[in-house]
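See below for the structure under consideration.
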Amino acid sequence: MRIVILGLSITSSWGNGHATTYRGLVRGLVKRGHDVLFLERDQPWYADNRDLPDPPFGTTKIYSSLTELKDRFTKAVCQADLVVVGSYVPDGIAVGTWALSTASGIAAFYDIDTPVTLAAIDRSECKYLSRALMMRYDLYLSFTGGPTLKRLENNYHCARARALYCSADTSIYYPESSDACWDLGYLGTYSADRQPALDSLLLTPARRKDNGSFVVAGPMFPGDIEWPPNVQRIEHLAPVDHRGFYNMQRFTLNVTRADMVQAGYSPSVRLFEAAACGTPIISDCWPGMDECFKVGSEVLVSLNPGDTLRHLSLPEEERRSLGQRLRRRVLRQHTAEHRAEQLEGYAMALLNATAHRPSQAMSQR
């Protein structure tokens, strides 16, 4: 297939989880023989922090405005078998409207932030998607699975809602022999609704475990946070350093945004990446976790500081076995190749079904 993806960013992972997701997906699609063009809006904060300025898979092009996008890439969008517009794309409503009116193949929306998107839609505050556009896309690819898929179809009248979770690129994320520097670490951009869980599940245990070593990596944390002396801070960690970071932790912490906890079935890309490294995971609790990993035998759940401290005291042999089981699950179900195959399957099923008769969504454009 000829595929065009208009996403937030693939060249810079600064302050976003989209880039690593797109990198794995595009690499997987190209590996399966597809021709992929990724279009990214030039933004100052990403332009100044491009850790992969020229991705070595597919083709990446940068555009500076909606006008330039239309002038340079109308033909590519028109000729594509599949056009994907992602969440948080600048001027996303205008971009989506243009893509839907231009595409002659399948048009899909990829929501890497589904619960956040739907909450903003309900408040009429979403800047990259509208209710009218949701109904026009042939496919709504959702970061969130479970009951949210039916909600998208029944309440928001999306034509076809399908789960497309994040994943791990196992060519990048894998175990390495290294001595653990930290008992527990966390990687993620600051979010006010995640901070209470981070306080409870990492910072408070750090205060209680004076002889422990902890680390929090990620940008945008406010200056007024009181970090315990045994918690190391890393402002930004480029994806090239993520594998080493996970491999230097005895355990890593997964903390989920409030909207995603409420919706459930919203695994983080960090969850899959750490798992691919064989690093045992301590996670907050949310519905649908068992769809990805078995609680207790593959992922440990922590509800309070005491749970975290208890998990940190696991015997070394049990800790290693936990990480090995976790990695095996990723290799079976959650690699970038699995997601590329899923997306291919969704698109090919729709292309085959509409080969002789355009779908209702296509005919309504």
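This chain uses plain numbering: 1 for the first residue, then up along the sequence. Atom set for the values below is all heavy atoms of this structure, side chains included, hydrogens, waters and symmetry mates excluded. The structure displayed is predicted, hence computed values, not measured ones.
- For Arg243 and Tyr174, the positive end sits near the middle of the six-membered ring, less than 6.0 Å away and at most 45° from its axis.
- Using a 4.5 Å cut-off between side-chain heavy atoms of Ile, Leu, Val, Met, Phe, Trp and Tyr, Phe245 falls into a hydrophobic cluster with Ile172, Tyr173, Trp182, Leu187, Val215, Ile234, Leu237, Tyr246, Met248.
- Here the side chains of Phe57 and Ile10 are in contact, with some heavy-atom distance below 4.5 Å.
- When each of Thr114, Asp259, Thr256, Thr144 is tested with Ser266 by the rule side chain to side chain donor-acceptor pair (under 3.5 Å), just one qualifies, namely Thr144.
- A salt bridge does not link Arg2 with Asp35: every distance from a Lys NZ or Arg NE/NH1/NH2 to an Asp or Glu carboxylate oxygen is 4.0 Å or more.
- Nearest heavy-atom pair, Cys292 versus Pro267, reported as atom, atom and distance to 0.1 Å: SG-CG, 3.7 Å.
- Using a 4.0 Å cut-off between a side-chain N of Lys or Arg and a carboxylate O of Asp or Glu, Asp122 and Arg151 qualify as a salt bridge.
- Considering only heavy atoms from C-beta on, Pro305 comes within 4.5 Å of Arg208 through its side chain.
- Taking the six-membered ring where tryptophan is involved, the planes of Phe221 and Tyr186 are perpendicular, since the angle between them exceeds 60° and thus also 30°.
- Asp113 and His18 form a side-chain donor-acceptor contact under 3.5 Å, judged by distance and modelled atom types alone.
- Using a 4.0 Å cut-off between charged side-chain N and carboxylate O, Arg270 and Glu273 make a salt bridge.
- If you look at Tyr110 and Tyr137, their ring centroids are not closer than 6.0 Å.
- Two different hydrophobic clusters hold Met289 and Leu253 under the rule that ILVMFWY side chains link at heavy-atom gaps under 4.5 Å.
- Scanning for side chain to side chain contact (heavy atoms under 4.5 Å, CB included) contacts around Arg41 gives Gln43, Tyr63, Pro90, Asp91, with sequence neighbours left out.
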* Can you check salt bridge (Lys or Arg N to Asp or Glu O under 4.0 Å) on Arg339 and Asp169, steps first, answer last? -> CA-CA 10 Å; Arg339 299 298 180 258; Asp169 186 336; over 6 Å; no

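- Under a hydrophobic clustering in which Ile, Leu, Val, Met, Phe, Trp and Tyr are joined whenever their side-chain heavy atoms come within less than 4.5 Å, directly or via other members, Val301 and Leu314 fall into different clusters.
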